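Below is one structure; the comments refer to it alone.
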Amino acid sequence: MPTRQPARPHGRHVPAPASGRRSAGDVLAGLAALVVLVGLVGGVPYALLTFVGPPIRPELLDLEVLTGNVGPSTIIAVLVLLVWLAWFQLFVCVLVEVYAGVRRVGMPARVPLSGGTQFLANKLVSAALLLFTAGGRWSRRWSSWRPRPPRRR
């Protein structure tokens, strides 16, 4: 009676070797991811501080906000605080993904309540790190290259 063969042989799975060449699209995607990361991590807080101010406005520090009438300035202050909190969550997700990518930890730690945000950070950080690993491969290759000595006549 024939036995069924496993779909995959037992033991350690060896991945197929990747080609050493990066296409122009890969480099462009890595550069675009890097620009988007810098814009989100550095540009958003700069814009928030420049145009709307610090995360906690004086209107929110007064306890009468909880019991009194809510005006437009209070609503704007709460919305600004929510945008700052969303940016902070994205920043933590980027830090977690960079740590996992640089340390090669594998699956990064999950940041609570940040499903889509962490997915976006994962894709951006992965594309940017692939850009740098391609550069590392080329620098190793060219660092061992030595020019030929000149011919003697």
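We're numbering straight along the sequence, starting at 1. Quantities reported herein were computed from a predicted structural model and do not represent experimental measurements.
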- prompt: With under 30° as parallel and over 60° as perpendicular, where do the rings of Phe91 and Trp87 fit, or are they tilted in between?
  reply: parallel

- prompt: Would you say the side-chain atoms of Gln118 pair up with the backbone N or O of Val111, donor to acceptor, closer than 3.5 Å?
  reply: yes

message: Closer than 3.5 angstrom, by distance alone: can the side chain of Thr74 be matched with the main-chain N or O of Val70 as a donor-acceptor pair?
response: no

How close do [X] and [Y] get, counting heavy atoms only, and between which atoms?
X: Pro55; Y: Val80; result: O-CG1, 4.5 Å
X: Gly101; Y: Leu129; result: CA-CD1, 3.6 Å
X: Ala33; Y: Ala128; result: CB-N, 4.2 Å
X: Pro54; Y: Leu49; result: CA-CD2, 4.1 Å
X: Leu40; Y: Pro45; result: O-CD, 3.9 Å
X: Ser114; Y: Gln89; result: CB-NE2, 2.9 Å

Return the [atom1] to [atom2] distance between [X] and [Y], rounded to the nearest 0.5 Å.
X: Thr117; Y: Glu97; atom1: OG1; atom2: CD; result: 11.0 Å
X: Leu85; Y: Leu90; atom1: CG; atom2: CG; result: 12.5 Å
X: Asp26; Y: Leu31; atom1: CG; atom2: CG; result: 11.0 Å

[X] with [Y], same ILVMFWY side-chain cluster at under 4.5 Å:
X: Val96; Y: Val102; result: yes
X: Trp84; Y: Ile76; result: yes
X: Phe88; Y: Leu95; result: yes
X: Phe119; Y: Val92; result: no
X: Ile56; Y: Val78; result: yes

- prompt: Do Val94 and Val125 have side-chain heavy atoms sitting under 4.5 Å apart?
  reply: yes

